[in-house]
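I have placed the structure first, in the form of structure tokens, so that the comments after it can refer back to it.
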Amino acid sequence: MINIEGKLIEKFETVQVTDTFKKREFVIEHAENPSYPEFIKLELIQDKCNSLDNIEIGETINVFINIKGRKWTNKE
């Protein structure tokens with residue numbers, strides 16, 4: 001698990017992708033080096049989508065993330 005602290009810059013609405021899958025994106029400003037802040041777009045899924053409901057733009061938050069992925073394969 002990775003921990004990133006940053007300021008919430010933008011949060012988007014929850015998107016119902018399929019009947020059983022939903023996601024919500026948000027952007028934080030991570031300033032490990034204040035002269036060169038990084039803007040990181042992250043995604044919440046399923047029951048975590050409402051985690052941002054009570055957080056205001058501009059608040060500093062700690063984000064704990066798990067990085068997961070699969071190799072892309074062409075279906076053709």
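Positions are given from 1 along the sequence.
Counted within 6.0 Å of CD on Glu59, heavy atoms from surrounding residues, nucleotides or ligands total more than 12; the atom is thus considered enclosed. Heavy atoms from other residues, nucleotides or ligands lying under 6.0 Å from CG of Asn74 number more than 12.
Test Lys22, Glu13, Glu43, Gln16 against Cys49 for side chain to side chain contact (heavy atoms under 4.5 Å, CB included) and you get one pass: Lys22.
Side chains of Gln46 and Phe21 form a contact here, defined as non-hydrogen atoms less than 4.5 Å apart. Looking only at side-chain heavy atoms (C-beta outward), Glu38 and Glu32 stay at 4.5 Å or farther from each other. Between Val63 and Phe26 the shortest side-chain heavy-atom distance falls below 4.5 Å. Contact check for Asp53 versus Arg24: side-chain heavy atoms found under the 4.5 Å cut-off.
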(request) Could you walk me through whether Glu10 and Phe39 pass side-chain contact (heavy atoms from CB on, under 4.5 Å), step by step? (result) CA-CA 10 Å; Glu10 191 168 358; Phe39 294 90; over 6 Å; no
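Looking at Lys11, its side chain does come within 3.5 Å of a backbone N or O of Leu52 through a donor-acceptor pair.
With sequence neighbours left out, the side chain to side chain contact (heavy atoms under 4.5 Å, CB included) criterion links Asn62 to Asn3, Glu5, Phe64.
Shown here for Ile55 and Ile61, the closest heavy-atom pair between the two residues is CG2-CG2, 3.8 Å.
No continuous path of ILVMFWY side-chain contacts below 4.5 Å connects Ile4 to Tyr36, so the two sit in separate hydrophobic clusters.
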